[in-house]
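Side chains included, hydrogens not; waters and symmetry mates left out as well; all remaining heavy atoms used. Numbering starts at 1 and runs along the sequence shown.
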Amino acid sequence: ASDVYKRQEYNSLRREISGILKLIDENLDNVILHPVDDEHQLFVEKKDGTLVRIDDLGRGLSSLITLSILYVLEKPEVLMIDDVESMGIFPLRLETLKSVLDMLNSIVLITTQSLDAIAVFSSDDKVKFYLLGKGKIKELKAKEVKLYLEAGEDIRIVAKNFIYEVTKD
C-alpha cells in the first residue's frame, strides 16, 4: 500500500511541475531524473520526446525550472528571491517569472535593482514595493511606482529620495 501511495504522490508532483513547465515554455513537458554514468541528473522532456539536461539550458530558463521544482517539493509559505536579476532572467522572461509566481500559493518577497523587474511587477495592483534604508521602510503601491515609471523617473533614484525623506523625522 505504501508503494501505491508513493507512486500517487510522485505522479501528483510530476503533474504539478508539468503544469508550471508549460507556463514557462509550451514545449516543455516534464522533468525527469535520468541516470548519467554513475549519477542521476535532472532533464526536461520536450513535447517531441527529446531530453535536455537542465544544466544545458540557459541560466534564466534553468533558474525558472529549478525554482518551480523546489516550490512544488517544499511549498513554502514565504518565498524569498534575493536579487532576482542574478537568476539570469532577462526582460522577456520576467513576465514568465511573474506568471509562475502568480500561480503559487505563497507570499513572495523579491529584492531587485532591475528597472525591468520593477516595471513588470508594478503592473499588478496586488504588488507592494518597500523602499528600505537607514532602518526605515516606505511602502508604495504598484500604481504609485507605475506613475513614476510612466513619468520617466528612475524609481531607484526616487527611492533614495524617499528614504532620505522618511529618515528626516
- Step through the shown structure and confirm whether more than 12 heavy atoms of other residues, nucleotides or ligands are within 6.0 Å of CD on Glu150. yes

- Item | Asp48/Lys46 salt bridge by N-O under 4.0 Å criterion | no

- Measuring from Glu45:CD to Ser18:OG, what's the distance to the nearest 0.5 Å? 9.0 Å

- Note on the structure: Closest non-hydrogen atoms of Glu144 and Glu139, given as atom of the first, atom of the second and distance, are OE1-O, 4.4 Å

- Task: Would you check if Ile81 and Leu109 make a side-chain contact, meaning some heavy-atom pair closer than 4.5 Å?
- Result: no

- Task: Taking all heavy atoms of Val108 and all of Ile110, pick out the closest pair and write down the distance.
- Result: CG1-CG1, 3.8 Å

- With a 4.5 Å heavy-atom cut-off, do Ser122 and Leu149 have their side chains touching? yes

- Could you state whether Phe90 and Leu28 fall into the same hydrophobic cluster, counting links through intermediate Ile, Leu, Val, Met, Phe, Trp or Tyr residues with side-chain heavy atoms under 4.5 angstrom apart? no

- Query: Ser99 side chain to Glu95 main-chain N or O, any donor-acceptor pair under 3.5 Å?
  - Reply: yes

- Within a strict 4.5 Å, meaning less than it, do heavy atoms of the Leu51 and Val44 side chains meet? no

- Item | Close side-chain approach of Leu61 to Ile24, heavy-atom, < 4.5 Å | yes

- Side-chain donor or acceptor of Ser68 paired with backbone N/O of Ile20 under 3.5 Å: no

- Item | Stepwise side-chain contact (heavy atoms from CB on, under 4.5 Å) test for Lys141 and Asp125 | CA-CA 7 Å; Lys141 292 181 172 45; Asp125 289 336; over 6 Å; no

- Measure the shortest side-chain to side-chain distance between Leu23 and Met103 over non-hydrogen atoms and say whether it is less than 4.5 angstrom. yes

- Query: In Å and rounded to the nearest 0.5 Å, what is the CG to CG distance from Leu57 to Leu64?
  - Reply: 10.5 Å

- Task: To the nearest 0.5 Å, tell me how far Arg53 CZ sits from His34 NE2.
- Result: 11.5 Å

- Euclidean distance, Ser114 OG relative to Leu94 CG, rounded to 0.5 Å: 6.0 Å

- Message: Membership question, hydrophobic clusters at under 4.5 Å side-chain separation (ILVMFWY): are Leu147 and Leu131 in the same one?
- Response: no

- Item | Distance (rounded to the nearest 0.5 Å) between Leu67 CG and Leu97 CG | 7.0 Å

- Pair Thr112-Glu85, side-chain donor/acceptor within less than 3.5 Å: yes

- Going hydrophobic residue to hydrophobic residue with side-chain gaps under 4.5 angstrom, can you get from Ile69 over to Leu33? yes

- Task: Report yes if some heavy atom in the side chain of Val120 is under 4.5 Å from a heavy atom in the side chain of Asp116; otherwise report no.
- Result: no

- Taking 4.0 angstrom as the limit, do Asp29 and Lys22 come out as a salt bridge? yes

- Message: Working note: Arg93 + Asp25, criterion side-chain contact (heavy atoms from CB on, under 4.5 Å); need CA distance, chi angles, decisive distance, verdict.
- Response: CA-CA 10 Å; Arg93 290 264 181 214; Asp25 185 323; 4.2 Å; yes

- Item | Check: Thr66 side chain, Ser63 main-chain N or O, donor-acceptor pair, under 3.5 Å | no

- Message: Can you confirm whether Ile155 sits close enough to Leu140 that some side-chain heavy atom of one is under 4.5 Å from a side-chain heavy atom of the other?
- Response: yes

- Query: Is there a path of hydrophobic side-chain contacts, each under 4.5 Å between heavy atoms of I, L, V, M, F, W or Y residues, that connects Ile118 with Met80?
  - Reply: no

- Task: Could you tell me whether a side-chain N or O of Tyr71 sits under 3.5 Å from a main-chain N or O of Asn105, the two making a donor and an acceptor?
- Result: yes

- Task: Kindly indicate whether the side chain of Asn11, heavy atoms from C-beta on, has any atom under 4.5 Å from the side chain of Lys6.
- Result: no

- Item | Single-linkage hydrophobic cluster Phe43~Ile65, side-chain heavy atoms < 4.5 angstrom | no

- Message: Salt bridge or not between Glu16 and Lys75? Use side-chain N to carboxylate O under 4.0 Å.
- Response: yes

- Sidechain-backbone polar pair: Arg156 side chain, Gln113 backbone, donor-acceptor under 3.5 Å: yes

- Residues Asp124, Lys98: salt bridge by 4.0 Å N-O rule: yes

- Message: Could you tell me if Asp82 and Thr111 have a donor-acceptor pair between their side chains, going purely by distance under 3.5 Å?
- Response: yes

- Message: Ignoring hydrogens, what is the shortest heavy-atom contact between Ala142 and Phe121? Give both atom names and the distance.
- Response: CB-O, 4.4 Å

